[in-house]
Amino acid sequence: MCGIVGYVGSRHAMPVLLEGLGRLEYRGYDSAGIALQRKGKFDLFKKAGRLDVLRGTLPKRNAATCGIGHTRWATHGEPSDLNAHPHVESSGAITIVHNGIVENAGALRDFLRERGHTFASETDTEVLAALIAEEFLLDTDLTASIRRAVSRVAGTYGIVVMHKDVPGLMVAARNGSPVVVGIGENEMFVASDIAAIAPFTRQIIYLEDGEIATLSAKHHEIQDFQATITNRPTSTIDVDTTLASKGDHEHFTLKEIIEQPDAIRRTLSGRLDERFKTAHFGGLNLDAKDLMAFKRIKILGCGSAYISGSIGASMIERLARIPTDAESAAEFRYRNPIIDPQTLYLAVSQSGETYDTLTAVQEIQRKGGTVLGIVNVVGSSIARQCGAGMYLHAGPEIAVVSTKTFACTLCAFALLALYIGRMRDVSPAEGAEVIRALNELPQQIQNLVERSDEFKQIAEKYAQYQRAYFIGRCEGFGLAREGALKLKEVSYIHAEAYPASELKHGPLALIDEQTPTFAIVPDDDLLAKNLSTLAEIKTRKGPVVAMGQSEVLATQVDDYIQVPGSHPLTDPILLLIPLQFIAYYTALARGCDVDQPRNLAKSVTVE
Ligand code: AGP
């Protein structure tokens, strides 16, 4: 969480930092600030609230050509002007922006107080600034001071630091929180992700954990925490920066729901093998023999990525008949998991930066397991840590809630199910059916997108209820979990997902006329069972909105959303679309900030 950005060169730093922060605001948005280095001092501007609040306090012009900026998602200390970054240590010598958590901040603060430092904020970050200032007293090498300081720090950090007596220099360090350096023509950039740098340069270097970058306008040097130089060639990024703008849409969330047909086309692009009725992937680094040796698959992720994994597990088991399950990466990493060499692990992450998922990957690798990434952001930490896997190519997803990347992840699982299935028992004819369904998917989603007014009316009808259930069976239960998560994230309605089969075992007690149920009811062999569950709800006067393919539903529920059926592997993706629109329009009807819901951030890079 938190976005960091820094610039040194010949341009005015302030507009560069603001442009970068605007592109990072989705990482955290409860306060923002910038520090500009000018004539041996810092001009510091920071404000609680969104970036626009900060913008309103800035001078029209500032001549500084070196500066750092931050957009915050609060961990230590409430969102306030004082707790906003950058922090300046008490003598005014050092300023810092930080993404991560210093776990031993309490002990360090006590030590530094004894050394005469005072602290204006409640943050752990200010402790880092003081620690570096203390080390700087020993020599005047900022990089060496940071190296010594971080050796005393427990926790995670991506930091960028400036010293007032070392003009035109920024030093960045990384441990567990992403940092990327951008190399321009006589100018350098640094940020927590490439979105902030992409408008200015395409030449970048990702810092690895345990590295420090020393940056001046004309020079960059990377070294590890032992002071060994680790400079390496730059990579060229390929980012369409226009994709990261809202265009004519009112919200990123809406734009990202609407652009799902194109996003899915990109996920599928070049991966369907019409000749052998299978899929192919460029980056798995596993041949058929390797894949056939795995006896199980385990999918890991957090939040929506975890939910997509649970649906993906059903898809893979259904088609490829290989035992597959999904688990929260955060739970997995803390329970000393048994890593089985005959299990293929898949790590799912839109951002590729989710700390719990990244550390789960590291835990698997440390114990000798094989893990592939299913990731959207190219070059992100999880993608690089896995070293093999599949990119979603969904394009940048800026809204905090995942929509198009969820759909693309389900598509990726369908491809994987087809690929592994065709190595096992799936016939060419069955493979051809999956390919047909995948090829038809973008247009079918487009047709649903064009029905958004219908979903809007239903959302507005139920928007003022204070709670809701989402139910389904098998993949439908996964969709219910995703529908409930989307609704609670953006509308703050208490939404709970249950397997339809479980309702009568307890939750039915809460059904009444004030508790609507959103039911996922595909026309499959469980239809009759689902209809019985809906009858049980209606008997208790619970309003029901059902989405599925059977016209029978229309007579049994309050609102019926007809969703075309195609194939068991692609039907969950079609059923997802109304759920996304319902969450979006409910949030609008309740006046919520749909793109940046309270308390959340896009990229969860802390524990
Ligand atoms: C989804 O709407 C959420 N904002 C959240 O659950 C998200 O899916 C989760 O934090 C994982 O993120 P990732 O895909 O970037 O790893």
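All heavy atoms count here, side chains included; hydrogens, waters and symmetry mates do not. All ligand and atom numbering here is 1-based and tracks the order in the structure.
A side-chain donor-acceptor contact under 3.5 Å links R50 and Q596. Between the side chains of S304 and E482, at least one donor N or O sits under 3.5 Å from an acceptor N or O. Residues Q446 and Q260 have side chains that never bring a donor and an acceptor to within less than 3.5 angstrom of each other. When only modelled atom types and interatomic distance are considered, Q350 and T405 share no side-chain donor-acceptor pair under 3.5 Å. For R590 and S491, the side-chain atoms include no donor-acceptor pair closer than 3.5 Å. Side-chain atoms of R174 and S381 form a donor-acceptor pair, as typed in the model, at a separation below 3.5 Å. With 3.5 Å as the limit, one finds no donor-acceptor pair spanning the side chains of R202 and T236.
Counting heavy atoms under 4.0 Å from ligand 1, residue K486 touches it through the side chain alone.
Those atoms of ligand 1 that come under 4.0 Å of a heavy atom in S402, given as number and element, are 1 (C), 2 (O), 8 (O). Every atom of ligand 1 is numbered from 1 in the order shown, and the set under 4.0 Å from a heavy atom of A305 is 8 (O), 14 (O). Per-residue contacts place V401 under 4.0 angstrom from the following atoms of ligand 1 (heavy atoms of the residue considered): 2 (O).
Of all the listed residues (S304, S349, A583), S304 holds the heavy atom that lies closest to atom 6 (O) of ligand 1. Of the listed options I307, T354, V375, T405, T354 places a heavy atom closest to atom 16 (O) of ligand 1.
Among protein heavy atoms, the minimum distance from atom 14 (O) of ligand 1 is reached at Q350 N, 2.7 Å. In terms of protein heavy-atom proximity, atom 10 (O) of ligand 1 is closest to V604 CG2, 3.8 Å. Closest protein heavy atom to atom 9 (C) of ligand 1: C302 O, 3.5 Å. In this structure, the protein non-hydrogen atom closest to atom 2 (O) of ligand 1 is E489 OE1, 2.7 Å. Nearest non-hydrogen protein atom to atom 15 (O) of ligand 1 is S351 OG, 2.6 Å.
Looking at ligand 1, you won't find any N or O of G303 less than 3.5 Å from one of its N or O atoms. For the pair T357 and ligand 1, the shortest N or O to N or O distance does not fall below 3.5 Å.
Atom NZ in K488 sits 14.5 Å away from atom OG1 in T586 (nearest 0.5 Å).
Both tests pass for R598 against the ring of Y492: distance under 6.0 Å to the centre and angle within 45° of the axis.
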